[in-house]
There are 2 protein chains.
Amino acid sequence: MNTPISPDTAIGIAAVERDTGLSKDTLRVWERRYGFPTPDRDANGERVYPPDQVEKLRLIRRLLDVGLRPSKVIPASTSDLAALLECHHRKAISPEQQERELTLMQYVRLHRSAELVTGLHQAVMKQGLQRFVAETIAPLNEAVGEAWMRGEIDVPEEHLYTEQVQNVLRSAISAHAAHGGSPRILLTTFPDEHHVLGLLMAEATLVPEGASCISLGTRTPLADIRSAAVNGRFDVVGLSFSIAYPLRQAVDDLLELRAALPASIEIWAGGQAVKGKERRLPGIRVINGLDDTLAALKEWRTAHAD
Amino acid sequence: MNTPISPDTAIGIAAVERDTGLSKDTLRVWERRYGFPTPDRDANGERVYPPDQVEKLRLIRRLLDVGLRPSKVIPASTSDLAALLECHHRKAISPEQQERELTLMQYVRLHRSAELVTGLHQAVMKQGLQRFVAETIAPLNEAVGEAWMRGEIDVPEEHLYTEQVQNVLRSAISAHAAHGGSPRILLTTFPDEHHVLGLLMAEATLVPEGASCISLGTRTPLADIRSAAVNGRFDVVGLSFSIAYPLRQAVDDLLELRAALPASIEIWAGGQAVKGKERRLPGIRVINGLDDTLAALKEWRTAHAD
DNA sequence: TCAACGATTTGTCCACGACAAAATGAATAC
DNA sequence: GTATTCATTTTGTCGTGGACAAATCGTTGA
C-alpha cells in the first residue's frame with residue numbers, strides 16, 4: 001500500500017475509500033462513466049487522487065446521502081455542490097427549532113464538551129429520564145443531524161455528541177435497573193445499522209415503565225436475533241432504524257425476521273426509516289415516535305393481562 | 001442483496017467480507033490459488049458461501065492474526081485449525097486466570113445477564129476503576145474472545161457482554177468527571193475499527209489519574225482526527241486497535257496520521273494489533289498493555305513538567 | 001547471533017463486461 | 001387529486017484473470 005509521506009501528496013484508492021465511504025468499485029465505475037474523478041497514476045499505474053478531488057468526493061457523498069443522484073451531482077463544479085448543500089437544509093428548518101437548538105447545541109463543540117456534559121446531566125435530573133429523552137435528546141438529535149448536513153459541525157463533533165449522550169443515557173438506564181418485569185424485550189439493530197442512540201432512547205423510555213429490556217447493541221445478524229429471541233424467551237424484539245437505513249432493506253429484513261420468529265414474539269420497529277410504513281409491514285408493530293413506544297407497551301400489557 | 005430465507009442460509013460475498021474481515025479480493029484469490037473456499041453459485045452466478053465455510057474462514061482469520069501463513073492453514077481441516085488455535089492460547093493462559101474467568105464467564109449467558117451486571121458492579125466497587133479494568137475486564141475480554149472463537153458462546157452473548165461492560169465502564173468514567181487536567185487526550189479509533197471496549201478501558205485507566213480525556217468513540221476518519229486534534233489543542237491522540245485490525249493498515253494509518261499532525265502532539269497506539277510493533281512505528285508511542293498506559297502518562301508528565 | 005540477499009508467498013489493484021436493484025417518470029385506475 | 005402499475009433509465013456490486021510490489025522465508029556469509 002502506498003502512503004506517500006509528503007504532506008501535499010495525492011491519495012491511494014484504498015485511502016479514498018476509507019475517507020469518503022465510496023467503494024473502490026464505485027470510484028472506478030464513476031471514472032469510467034462520468035469522467036470524474038480523474039486520478040493521476042503512480043509509477044505502478046495505480047490511481048492516485050489529488051486532495052481537492054477527494055474533497056469534492058466528500059461533498060458528493062453528502063449530497064447522495066441527502067437523496068440526490070450521482071448523475072446530477074458528479075458533473076457539477078465543487079462550488080455548485082457547496083451551494084446545493086447549502087440550499088438543501090434551508091428548507092428543513094423551522095424557527096422554533098432554531099430556538100431550542102441554541103440551548104444545548106452551542107455546547108456541541110469540541111472545546112465545550114464539559115458544558116455539554118453538565119447541561120445533559122442537569123436536564124436529565126430536572127426532567128426525569130423519559131421526558132429527558134422525549135423533550136431534550138430527540139430534538140437535539142435532529143438538530144445535530146441537520147447541523148451536520150449543513151456542514152456546521154464536523155464528524156468529530158457529531159461523534160463527541162453521540163458519545164456524551166450515550167454516557168448519560170447508559171448511566172441513567174443502569175440506575176433504573178429493574179429486572180424481572182414484563183414484557184421481556186430484546187433490543188438491537190440489523191447488521192448494517194450502526195447508530196446506537198435510537199436503541200438507547202427506546203431503552204430509556206421502556207425501562208422506567210418496568211419493562212425488562214436487554215440490549216445487544218448494534219449490528220446483530222438476523223439469524224442471531226432469531227436464536228437469541230427464542231432461546232431467551234423474549235416477548236418482544238425491538239429494532240431501530242436510523243434515517244440512513246434503506247427502506248427496502250428494512251422491509252425485507254423485517255419480514256424475513258417476522259417469518260423466522262414464532263408468532264408469539266412481537267416485533268417492534270422504530271426509527272425514521274420505518275415511520276409510517278405499517279402498510280408494508282404486516283405482522284410488525286411500527287413505532288411512530290417515542291410516545292408511541294409507550295402506547296405499544298400499553299397495548300401489549302392489555303393483550304397479555306392474565 | 002440476496003438473503004435467502006432457507007434455514008441453511010448461504011451467505012453472499014459482501015456478508016462474508018463483513019463477517020470475516022477478509023476482503024472480496026482476498027476471498028476470490030484464495031479460491032483461485034488454494035481451492036478454498038468453494039462457494040456455490042446462485043442463479044446469477046454469484047458466489048454463495050455455506051455457513052460452515054464461513055466458520056472455517058473465521059478460524060483461518062484468527063490464525064493469520066496470530067502470525068501463521070495462509071498456505072499453512074487454508075489447506076488444513078477445520079478440526080485441525082481448531083486444535084492449532086487451541087494450543088496457541090494454552091501457552092498464554094495461567095491457572096489463576098482461568099479461575100477468575102470462571103467467576104464471571106458463567107454469567108455471559110443471555111438468561112444470566114442480571115447476574116453479570118451485578119457481578120461487574122460488585123467488582124468495580126471492590127477493586128476500584130483502574131484495577132477493575134486491568135484485573136477483571138482485560139482477562140474477561142480475552143476469555144470471551146476465545147470462547148467466541150471456540151464456538152462456546154454466540155454472537156448475541158458476545159454483544160450482550162460488550163453492552164454490559166460498556167454500561168459499567170461509562171457509568172464509572174462519568175463518575176470521575178475530572179475536567180481541566182493535563183494532558184488533554186483525544187481518544188478514538190480509525191474508520192475500520194468498530195470495537196469500543198479498548199477505548200473505554202484506556203479512558204477508565206487515564207481518567208482517575210487526572211488526565212483530561214475526550215472520546216470520540218469509534219470510526220473517525222483520519223482527516224477528522226487530525227482537525228479535531230489540532231483545533232481542540234490536544235496534547236495526545238490515543239488510538240485503539242483490536243486484535244482483528246490488520247497490522248499493515250494500522251501501521252500505514254498511524255504513519256499517515258503522524259505525518260499529518262504537528263510533532264508537538266503525541267500519538268499513543270494501543271491494543272493487540274500493535275503490541276510490540278514499535279520498530280515499525282517511529283514517532284509513535286506504542287502502548288503495550290494497560291499498565292504501560294500509566295507509564296506513558298508518567299513519561300509525558302515528566303517531559304512536560306514546567 | 002546477526003545482516004544481507006534471492007526466492008517465494010500473498011494481498012491489492014487494474015480493466016472491462018454483465019446484471020439486478022433502485023429510482024424515475026409516464027400511464028392508468030380509484 | 002392520489003395511488004398503483006409498468007417500462008425505462010440509473011447505479012452499485014460482482015465476475016474473470018492478469019500483474020506486481022510488499023512482506024516473509026530460508027539460506028548464506030560475517
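Within every chain, numbering begins at 1; the chains are lettered A, B, ... in the order of the sequence lines, protein sequences first and strands thereafter.
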Donor-acceptor pair (no angle test) under 3.5 Å: B/Arg32 side chain, D/dG17 base:
yes
With sequence neighbours excluded, residues passing side chain to side chain contact (heavy atoms under 4.5 Å, CB included) with B/Asn141
B/Ile137, B/Tyr161, B/Leu197, B/Met201
Hey, what are the protein-to-nucleotides 6-9 of chain C N/O distances that come in under 3.5 Å?
none

Which residues share a side chain to side chain contact (heavy atoms under 4.5 Å, CB included) with A/Ala223, sequence neighbours left out
none
Sequence neighbours left out, what passes salt bridge (charged side-chain N to carboxylate O under 4.0 Å, His left out) with B/Arg69? Give chain and number order.
none
Taking ring pair (Phe, Tyr, Trp, His ring centres under 6.0 Å) as the definition, give me every residue that meets it alongside B/Phe241, ordered by chain and number, with sequence neighbours left out.
B/Phe190, B/Tyr245
At how many degrees, to 10°, do the end axes of the helix from C/dT1-D/dA30 to C/dC30-D/dG1 meet when each uses five pairs?
40°
By side chain to side chain contact (heavy atoms under 4.5 Å, CB included), A/Thr38 pairs with (sequence neighbours left out) A/Gln53
B/Arg32: which residues meet the side chain to side chain contact (heavy atoms under 4.5 Å, CB included) condition with it, sequence neighbours left out?
B/Val29
With sequence neighbours excluded, tell me which residues meet side chain to side chain donor-acceptor pair (under 3.5 Å) with B/Gln272.
none
Holding to salt bridge (charged side-chain N to carboxylate O under 4.0 Å, His left out), I want the full list of residues that pass it with A/Glu17, two or more places apart in sequence or in another chain.
A/Lys24
With A/Asp292, which residues qualify under salt bridge (charged side-chain N to carboxylate O under 4.0 Å, His left out), at least two apart?
A/Arg285
Can you give me the N/O atom pairs linking the protein to nucleotides 3-5 of chain D at distances under 3.5 Å, or say none if there are none?
unit_1, atom_1, unit_2, atom_2, d
D/dT4, OP1, A/Arg279, NH2, 3.2

Can you tell me the distance, in whole Å, between the CG atom of A/Leu64 and the C1' atom of D/dG12?
11 Å
Could you give me the CA-CA distance, side-chain angles and deciding distance for A/His159 and B/Arg219, then say whether side chain to side chain donor-acceptor pair (under 3.5 Å) is met?
CA-CA 9 Å; A/His159 277 208; B/Arg219 313 191 65 207; over 6 Å; no
Measure from the side chain of A/Arg28, starting at C-beta and using heavy atoms only, and say which of D/dT13, D/dT16, C/dC14 lies closest.
C/dC14
